[in-house]
Amino acid sequence: MDEDIPQLVEDVSEIRGELNVDPSNPVSVIRNAVDETVKVPISIITGYLGSGKSTLLKSIAEKGDRKLAVILNEFGDSVEIEKSLTIQDKGESYEEWLDLGNGCLCCSVKDNGVAAIERLIAKKAGFDYILLETTGVADPGPIVNMFWVDDGLASNVYIDGVVCVLDSEHVESCLDDVGGHWHGEEATTEIDGTTTAHLQIALADVILLNKRDRINEQDEARIKERIRTINSIAPIYETQFGDIDLSKILDLHAYENRDIESIQSIKPSFHDSRISTICIDLPLFDSTSLQKFELMLQEALWEGLFGSLKVDIHRTKALLAFRDGFKVVQGVRQTYDIIDSPSTGSSSPYTTGKLVLIGKNLDEERIANHINSILRN
Ligand SMILES: Nc1nc2c(ncn2[C@@H]2O[C@H](COP(=O)(O)OP(=O)(O)OP(=O)(O)O)[C@@H](O)[C@H]2O)c(=O)[nH]1
């Protein structure tokens with residue numbers, strides 16, 4: 001093995017040892033050893049089982065001149081308390097088994113996964129991009145939040161975006177949940193018919209309609225329309241064997257304030273009984289608007305309420321326009337961030353703002369009325 005290629009997770013017990021030092025803040029131990037000036041983008045690759053995630057990763061690795069670190073998250077076929085963490089670096093790969101403790105992706109992967117990636121950075125592997133492939137049955141929300149929110153990690157890694165790979169031939173049956181039996185997996189549908197595929201599409205910043213060779217033009221038009229009823233922000237590209245111009249899926253900066261274009265270009269929404277996208281115009285904010293807006297947003301995200309309307313929000317984006325500048329809001333599930341625009345010293349380029357929400361039960365008219373009445377008072 002090449003000496004220059006760093007060992008990533010030498011020993012799981014070592015990670016646990018570190019976690020044990022300060023269980024309340026597991027990354028802080030490692031954070032000190034990290035060069036804070038290094039910031040590596042991480043893209044989350046999500047998509048249902050067999051949609052072509054690994055094929056895409058291979059295609060990216062072959063194409064780019066970037067040095068990629070690829071992290072594969074796979075569960076065993078039982079609710080095993082083990083997870084395989086494989087890092088590939090130009091053909092070399094390291095495999096470690098991380099004990100998840102309770103098999104729960106959300107919390108258990110968080111601690112071990114964060115520690116492993118901190119180590120990756122700390123070892124200065126010389127890579128400049130991380131791709132993380134989630135397991136096909138996973139809701140990507142907790143993973144996105146893990147990389148976005150974690151302070152220690154955020155100083156070294158920033159989340160660039162979520163790429164959702166769809167199998168053109170099977171995406172409709174996944175959304176109708178007749179595909180839940182694939183690969184012997186159990187169906188993952190909620191009572192109202194929301195499937196894992198809905199959640200993966202809802203959180204996508206870009207969508208690849210892969211296996212395009214398996215459908216005809218009519219199918220393509222119908223499928224795209226259906227996807228847009230769920231997420232009308234993310235661009236959709238058709239691909240075969242993950243072949244795509246890398247500039248369309250990497251370096252999206254989808255969680256930053258430079259994401260203005262996607263907020264501005266949002267199309268009017270369609271309605272789906274499960275998850276849909278809505279877009280609400282916001283007035284020019286004055287000195288009291290921000291606080292009112294934030295309280296309203298907190299109630300919506302944390303309590304699931306716009307007034308008396310019960311909602312469930314997966315993704316939030318907003319452009320808040322002020323006379324002398326603007327702010328961008330980014331949110332994933334209950335977490336949000338309000339990001340200032342860099343000061344230009346001149347007046348704002350925007351005279352109105354916009355709020356884009358992807359979630360369940362989003363009645364655009366009722367929400368717009370609620371927001372307007374809050375902002376007016
Ligand atoms: N016809 C066709 N087959 C494809 C295409 N992309 C991928 N495949 C095939 O689909 C199968 C599944 O692809 P993978 O890349 O392993 O899918 P995955 O999403 O990583 O699968 P899991 O790890 O099981 O979730 C493989 O046999 C691929 O060769 C495509 O565009 N067209």
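These values consider heavy atoms only, across backbone and side chains, with no hydrogens, waters or symmetry-generated copies. Counting starts at 1 for both ligands and their atoms, following the listed order.
A salt bridge is defined here as a Lys NZ or Arg NE, NH1 or NH2 lying under 4.0 Å from an Asp or Glu carboxylate O, and Asp167 with Arg214 fails to meet this definition. Between Arg226 and Glu172, no side-chain nitrogen of the basic residue sits less than 4.0 Å from a carboxylate oxygen of the acidic one, so the salt-bridge criterion is not met.
Annotation for Lys292: atom NZ counts as buried by contact number, over 12 foreign heavy atoms lying within 6.0 Å.
Polar contact with ligand 1: present for Phe241 (N/O pair, distance under 3.5 Å). Checked by distance only, ligand 1 and Arg214 come closer than 3.5 Å through their nitrogen or oxygen atoms. Ligand 1 has a nitrogen or oxygen under 3.5 angstrom from a nitrogen or oxygen of Lys53. Residue Leu49 places no N or O, backbone or side chain, under 3.5 Å from any N or O of ligand 1.
Hydrophobic clustering (ILVMFWY, side-chain heavy atoms < 4.5 Å, transitive): Ile371 and Trp302 are in one cluster.
Considering Val163, Asp243, Ile236, Leu166 as possible partners of Leu208, the one that fulfils the side chain to side chain contact (heavy atoms under 4.5 Å, CB included) test is Val163.
Ring geometry, Phe322 versus Phe285: the interplanar angle exceeds 60°, so the pair is classed perpendicular (tilted spans 30 to 60°).
Residues Glu256 and Tyr158 have side chains that never bring a donor and an acceptor to within less than 3.5 angstrom of each other.
Against a heavy-atom cut-off of under 4.0 Å, Ser54 is close to the following atoms of ligand 1: 15 (O), 18 (P), 20 (O).
Atom 14 (P) of ligand 1 has its nearest heavy-atom neighbour, among Asp167, Thr55, Asp243, Leu208, in Thr55. Heavy-atom proximity to atom 22 (P) of ligand 1, evaluated over Gly50, Ser51, Ser59, is greatest for Gly50.
Using a 4.0 Å heavy-atom cutoff, Glu133 is listed among the residues neighbouring ligand 1.
Contacts of Asp213 with ligand 1, taken as heavy-atom pairs under 4.0 Å, involve the side chain alone.
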